[in-house]
Engineer: 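Following this message is one structure expressed as C-alpha cells.
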Amino acid sequence: MKKINMPIGFMDSGLGGLSVLREAIHLMPKEDFLYFGDSKNAPYGTKEKEEIKRLTFEAVDRLVKRGIKGLVVACNTASGACLKDLRKEYPDLPIVGIEPAIKPAVICNQGGEILVLATPMTLKQEKFKNLFDVYKEEAKMVLVPCKGLMEFVEEGILSGPKLDEYFEENIEPYINENVESIVLGCTHYPFLKPYLEEKLQGKGIRLIDGSLGTAAELKRRLKELDLLKEEGVQGDIEIQNSIETEEMIERSFALLEA
Ligand code: DGL
C-alpha cells in the first residue's frame with residue numbers, strides 16, 4: 001500500500017483519546033484512522049512510569065504492526081512517560097503527543113488563576129515540570145490531581161449524582177472568584193466539558209483543552225511530509241479496545257459523536 005493511503009494510528013489508556021480523534025476527523029475527513037484504547041489496563045495515571053511505558057509500547061507496537069503512517073499518543077500520561085523513547089524506537093514514524101494546554105491558557109490569561117486538572121502521574125512527570133517551569137512566572141497555576149475522574153468517562157457516566165459527589169469533593173474546593181480558566185489536562189476530561197460548563201455556569205471560567213491543537217499539529221506534520229490525504233472519499237474509522245466487547249466499541253463511537 002502507498003504510504004499516504006495508510007491509516008493514522010491513535011492510542012490512549014482508554015476512551016479519552018477519542019476527544020482528540022474527534023477533532024482530527026473534522027480537520028482531516030479523507031484520512032483513515034485506527035484507534036486503540038487500552039481500557040483493560042486503565043487507568044494509566046495512577047501507575048508507575050515504567051509500567052505506563054511498557055503498556056504504551058505494547059499498544060503502539062500493535063498499531064505499527066497493522067501499518068500506520070503516523071501516530072498520535074492521545075494520552076497526556078503516556079506522552080509524559082515515554083514520548084521521547086517512542087520517537088527513538090520509531091525514528092521514521094511521525095509521532096505527535098499531547099500535553100496539558102498550559103500555553104494557550106497562559107496566553108489568554110488576564111491576571112487570574114489557572115487550575116490544571118490532570119492525572120496524578122502527568123503532574124509528577126519531568127515533562128510536565130519542564131512545561132510548568134516555562135510558564136510559572138506568567139500566571140498563578142494550581143495543580144489538581146484528579147485520581148478517579150477518568151473512570152467516569154470510561155464507564156460512560158458524563159453526568160449524575162456520582163459525578164456530582166466527585167466534583168463537590170475534588171474540584172469545587174479549588175473554585176473561587178480568582179479562577180479564570182481550567183485546563184483539562186487529560187484527554188478523557190473534554191467529554192465532561194458540558195457537565196463542567198453547567199456546574200460553573202455564570203462564573204466566567206474558561207475551559208481549555210489541547211485536543212484541537214494536537215489534531216492541528218498532526219495535520220501540519222503530515223502535510224510537511226507529503227503524507228496528508230486531501231482528496232478522495234470520506235475516510236474509515238476503526239476502533240479497537242483491549243476490552244473486546246461490542247459495548248466498548250459502541251461506547252467509543254458514541255463518544256465520537258458527543
Ligand atoms: N487519557 C489519559 C490522559 O490524557 C489518561 C487517563 C488515565 O489512564 O489515567 O492522561
Side-chain angles (χ1 to χ4, degrees), residues 9-24 35-60 63 71-83 86 95-105 115-129 131-132 143-158 163 166 170-171 182-193 196 207-215 217-218 239-243 248 251-252 255-256 258:
F10 270 67
M11 72 74 58
D12 178 46
S13 63
L15 309 184
L18 294 161
S19 62
V20 186
L21 177 59
R22 183 169 65 171
E23 301 294 348
Y35 182 94
F36 176 70
D38 193 12
S39 295
K40 196 166 119 190
N41 293 303
Y44 281 12
T46 47
K47 291 185 167 59
E48 292 305 315
K49 185 175 177 178
E50 280 311 304
E51 178 69 350
I52 298 167
K53 210 170 136 179
R54 186 183 68 76
L55 292 168
T56 305
F57 266 83
E58 252 176 56
V60 172
L63 292 169
L71 171 73
V72 178
V73 182
C75 176
N76 292 267
T77 310
S79 296
C82 56
L83 200 61
L86 284 169
I95 302 179
V96 175
I98 187 164
E99 62 186 16
I102 285 181
K103 184 179 173 185
L115 300 186
V116 184
L117 273 53
T119 70
M121 200 53 199
T122 293
L123 299 178
K124 263 191 240 163
Q125 283 168 20
E126 208 187 309
K127 187 170 185 290
F128 179 79
K129 287 193 180 129
L131 175 72
F132 181 83
L143 310 184
V144 186
C146 291
K147 182 171 182 272
L149 185 55
M150 68 80 85
E151 283 85 338
F152 286 96
V153 177
E154 285 291 301
E155 286 164 29
I157 302 170
L158 304 184
L163 193 54
Y166 185 96
N170 300 283
I171 301 173
I182 299 181
V183 172
L184 304 176
C186 165
T187 54
H188 282 74
Y189 305 164
F191 292 116
L192 299 171
K193 218 168 163 178
L196 291 170
L207 298 177
I208 301 176
D209 70 79
S211 47
L212 180 59
T214 304
E217 172 63 9
L218 170 67
I239 299 180
Q240 300 180 351
N241 197 290
S242 51
I243 297 181
M248 229 34 199
R251 191 176 294 162
S252 302
L255 284 174
L256 275 187

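Every number for a ligand or one of its atoms is a count from 1 in the order of the listing.
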Engineer: Looking at atom 6 (C) of ligand 1, what's its closest protein heavy atom, distance included?
Structural biologist: Ser13 OG, 3.5 Å
Engineer: For Ala42, is the nearest heavy atom under 4.0 Å from an atom of ligand 1?
Structural biologist: no
Engineer: Looking at ligand 1, does any of its N/O atoms fall within less than 3.5 Å of an N/O of Asp12?
Structural biologist: yes
Engineer: Pairing donors with acceptors under 3.5 angstrom, does anything connect the side chains of Ser19 and Ser211?
Structural biologist: no
Engineer: Assess the pair Tyr166 and Phe152: is the distance between their ring centroids shorter than 6.0 Å?
Structural biologist: yes
Engineer: Who pairs with Glu51 by salt bridge (Lys or Arg N to Asp or Glu O under 4.0 Å), at least two apart in sequence or on another chain?
Structural biologist: Arg54
Engineer: Short list, please: which atoms of ligand 1 are under 4.0 Å from a heavy atom of His188?
Structural biologist: 1 (N), 2 (C), 6 (C)
Engineer: For side-chain hydrogen bond (donor to acceptor under 3.5 Å, both in side chains), just list the numbers for Tyr44 and Asp38, CA-CA rounded to whole Å, side-chain angles, deciding distance to a tenth of an Å, and then say yes or no.
Structural biologist: CA-CA 9 Å; Tyr44 281 12; Asp38 193 12; 2.6 Å; yes
Engineer: Quick check: does any side chain N or O of Thr119 sit under 3.5 Å from a backbone N or O of Thr77, one acting as donor and the other as acceptor?
Structural biologist: no
Engineer: Just by distance, with hydrogens left out, do Asn76 and Thr122 show a side-chain donor and acceptor under 3.5 Å apart?
Structural biologist: no
Engineer: Considering only heavy atoms of Met150, which atoms of ligand 1 have at least one such atom less than 4.0 Å away?
Structural biologist: 6 (C), 7 (C), 8 (O), 9 (O)
Engineer: Number the atoms of ligand 1 from 1 as they appear, then name those within less than 4.0 Å of a heavy atom of Tyr44, with their elements.
Structural biologist: 7 (C), 8 (O), 9 (O)
Engineer: What are the atoms of ligand 1, with element, lying closer than 4.0 Å to any heavy atom of Gly45?
Structural biologist: 7 (C), 8 (O), 9 (O)
Engineer: For Glu99, enumerate each residue passing the salt bridge (Lys or Arg N to Asp or Glu O under 4.0 Å) test, keeping only those at least two apart in sequence or located in another chain.
Structural biologist: Lys127
Engineer: Which ligand 1 atoms, with their elements, are less than 4.0 angstrom from a heavy-atom of Thr119?
Structural biologist: 6 (C), 9 (O), 10 (O)
Engineer: Tell me the protein heavy atom at minimum distance from atom 10 (O) of ligand 1, and give that distance in Å.
Structural biologist: Thr77 OG1, 2.6 Å
